[in-house]
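Written out below as structure tokens is the structure these notes cover.
Chain letters run A, B, ... following the sequence lines, proteins first and then strands; every chain starts at 1. Only a predicted model underlies this, so the values are computations on that prediction, with no experimental measurement involved. The analysis underlying the following values was restricted to heavy atoms, covering all of them including side chains, and did not include hydrogens, waters or symmetry mates.
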Number of protein chains: 2
Amino acid sequence: MEKNLPPATVERLSNYRRKLKGINTEETAYIHSHQLAHLMRINPAHIRRDLMLINFSGDIHKGYNIENLIAKIGENIDCIRKQKLAFIGIGDLGRALASEFKNKDSKLEIVAAFRLEENLNDESVDFKCYPISKIKQVLKKEEIDIIVLTLTKINLKEVLKNIVDSGVKGILNFTSAHLDVPDEIYVENYDMIGKLEKLSYFTSCKD
Amino acid sequence: MEKNLPPATVERLSNYRRKLKGINTEETAYIHSHQLAHLMRINPAHIRRDLMLINFSGDIHKGYNIENLIAKIGENIDCIRKQKLAFIGIGDLGRALASEFKNKDSKLEIVAAFRLEENLNDESVDFKCYPISKIKQVLKKEEIDIIVLTLTKINLKEVLKNIVDSGVKGILNFTSAHLDVPDEIYVENYDMIGKLEKLSYFTSCKD
DNA sequence: AATTTCTTGTTAACATTTTAACAATATATG
DNA sequence: CATATATTGTTAAAATGTTAACAAGAAATT
Ligand SMILES: NC(=O)c1ccc[n+]([C@@H]2O[C@H](COP(=O)([O-])OP(=O)(O)OC[C@H]3O[C@@H](n4cnc5c(N)ncnc54)[C@H](O)[C@@H]3O)[C@@H](O)[C@H]2O)c1
Ligand SMILES: NC(=O)c1ccc[n+]([C@@H]2O[C@H](COP(=O)([O-])OP(=O)(O)OC[C@H]3O[C@@H](n4cnc5c(N)ncnc54)[C@H](O)[C@@H]3O)[C@@H](O)[C@H]2O)c1
């Protein structure tokens, strides 16, 4: 399978799927483009175009079969094997994000988290938590694919070096720090403040 | 002032500012487009174009004066008066997001949070926390501009009705629920899973 | 003084994303 | 049966976003 879907489409497909999974298909097995569009707050043409790109056909009158669509999206955007995630920093934010994964049966699996504290009971989470001193060893052994950075930035430099050396392929970065890593590593920065300030700009009267 | 900046530029300007504020201007008072671009992992032309849009000029050799630039960005994207935020749901995620606001001296100010629990000590946060039963009353009285939704979705329908009635202008939504609110309210959905799955798509070998 | 070297500001080209438009087609309705 | 209606799939157009290119000009260097 070639990775020829536009990034914006990939992200939307993931969002469609999550929304569709929330629908009880015993009540409604089909959904129309305009209905899904309404749920997603986007244009119906968008939906039709995205589904065209993954070659998914609907019934001209009943609409799209929800279960089949969920499966088709998976065929197109999921990795064949499970990809392994590790969290670095497991405080308020890390815990909140990690708990989103429960009951999601995604192809992404959290296999480890790291934190400063050497001895700590981590009963609230269902993956293994290590002190950061073990990072080198664990990343290599577990063959982690993707890192989620939710740490406060003490020692970031050394942490990054270990990440790069371990062969990780992508980083989702929630810290405000600059990540000086090679271009081969796909970095996605994620910042709420930017979104909020954009929202503020477009909702405030500027006169 | 007219709101004629492209959304993508507004978001980037906010990000530039946050990055610039992290620089010690006693050491380096100026920054070049390519330096900031490197920090942001974007193209230098991007920076120059964005700053052109807000009419900010740099010194042809020294680059951009950091303090002036921070101020200029503020003039262009900040609301004249402080805008008031309220969080609905103040668990792991709410707390993590709220604590990002400390020491940020933004024009956005958290003035209230709501949660299910009637009696609870909220010592870790520095704004007022109310039980959700008080929502109607508080939103009206405080004239909240923007809502951050970080609740687990019990009673969402009623919560939404109160939000709409109170005249809120924007919602940053972290829940997976569909927000059925009038089009006048600017809704921004924010989902980490979509970003992660996109990251997974572009980092995995699909052959 | 001339030349080289940078960097900004700006334009124009390019790429991507979004949306409108509509033919094709199936069902329902009069 | 003919007509009205609704929805998909697809193309084309419009809008937005990104990047390349380069003139203009300031300092440094020869
Ligand atoms: N991008 C956003 O929108 C956003 C929102 C909220 C928080 N944040 C950022 O997320 C990060 C975490 O926030 P939080 O509220 O969860 O903080 P927290 O204090 O609750 O948790 C921090 C965690 O990181 C660990 N940690 C710190 N330094 C570490 C290191 N060098 N190596 C390994 N582990 C380390 C700690 O042990 C702890 O588990 C912060 O950098 C914060 O700025 C970003
Ligand atoms: N978009 C994302 O990337 C992302 C990531 C993590 C969590 N989430 C979502 O954020 C939400 C909160 O997650 P969390 O980990 O902080 O949960 P949590 O259980 O730690 O906290 C939930 C909070 O919401 C409050 N609450 C619940 N129902 C409420 C109601 N009807 N009215 C008022 N308050 C209410 C609770 O009192 C509590 O304060 C969940 O919906 C979760 O799915 C989204």
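As a whole-Å value, the separation of B/Arg12 CZ from D/dG17 P is 8 Å. Summarising the geometry, the separation between CG on B/Asp50 and P on D/dT18 is reported as 8 Å, rounded to the nearest angstrom. Whole-Å rounding puts the A/Met52 CE to C/dT18 P distance at 15 Å. When the C1' atom of C/dC22 is taken as reference, atom CZ of A/Arg49 falls 15 Å away, rounded to whole Å. Atoms NE2 (B/His46) and C1' (D/dT16) sit 11 Å apart, rounded to a whole Å. B/Ile60 has its CD1 atom 13 Å from the C1' atom of C/dT10, to the nearest Å. As rounded to whole Å, 16 Å separates atom P of D/dT5 from atom NE2 of A/His34. Note: NE2 (B/His61) to C1' (D/dA27) measures 5 Å, nearest angstrom.
Rounded to the nearest 0.5 Å, atoms NZ (B/Lys72) and CG (B/Asn65) are 12.5 Å apart. Interatomic distance, CD of A/Glu75 versus CG of A/Asn68, reported as 9.5 Å (0.5 Å rounding).
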Query raised in the report: For A/Lys161 and A/Asp180, what are the C-alpha separation, side-chain angles and deciding distance, and is it a salt bridge (charged side-chain N to carboxylate O under 4.0 Å, His left out)?
Result: CA-CA 9 Å; A/Lys161 187 179 169 339; A/Asp180 196 2; over 6 Å; no
Query - Intermediate values then yes/no, side chain to side chain donor-acceptor pair (under 3.5 Å), A/Asn15 and A/Arg18 - result: CA-CA 5 Å; A/Asn15 293 337; A/Arg18 213 157 41 264; 2.6 Å; yes
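Backbone-only contact: A/Ala8 has heavy atoms under 4.0 Å from sugar-phosphate atoms and none from a base. At a threshold of 4.0 angstrom between heavy atoms, the contacts of B/Thr9 with the nucleic acid are absent. B/Ser33 comes within contact range of the sugar-phosphate backbone alone, with a heavy-atom separation under 4.0 Å but no base atom that close.
Toward the 5′ end of DNA chain C lies the nearest nucleotide of B/Arg48, the other residue of the pair B/Arg48 and A/Asn43 mapping further downstream. Taking the nucleotide of DNA chain C with the nearest heavy atom to each of A/Asp59 and A/Ala45, the more 5' of the two is matched to A/Ala45.
Dashed line: the shortest gap from a side-chain N or O of B/Tyr30 to OP1 or OP2 of C/dT8 is not under 4.0 Å.
B/Phe101 and B/Phe127 have their aromatic ring centers separated by at least 6.0 angstrom.
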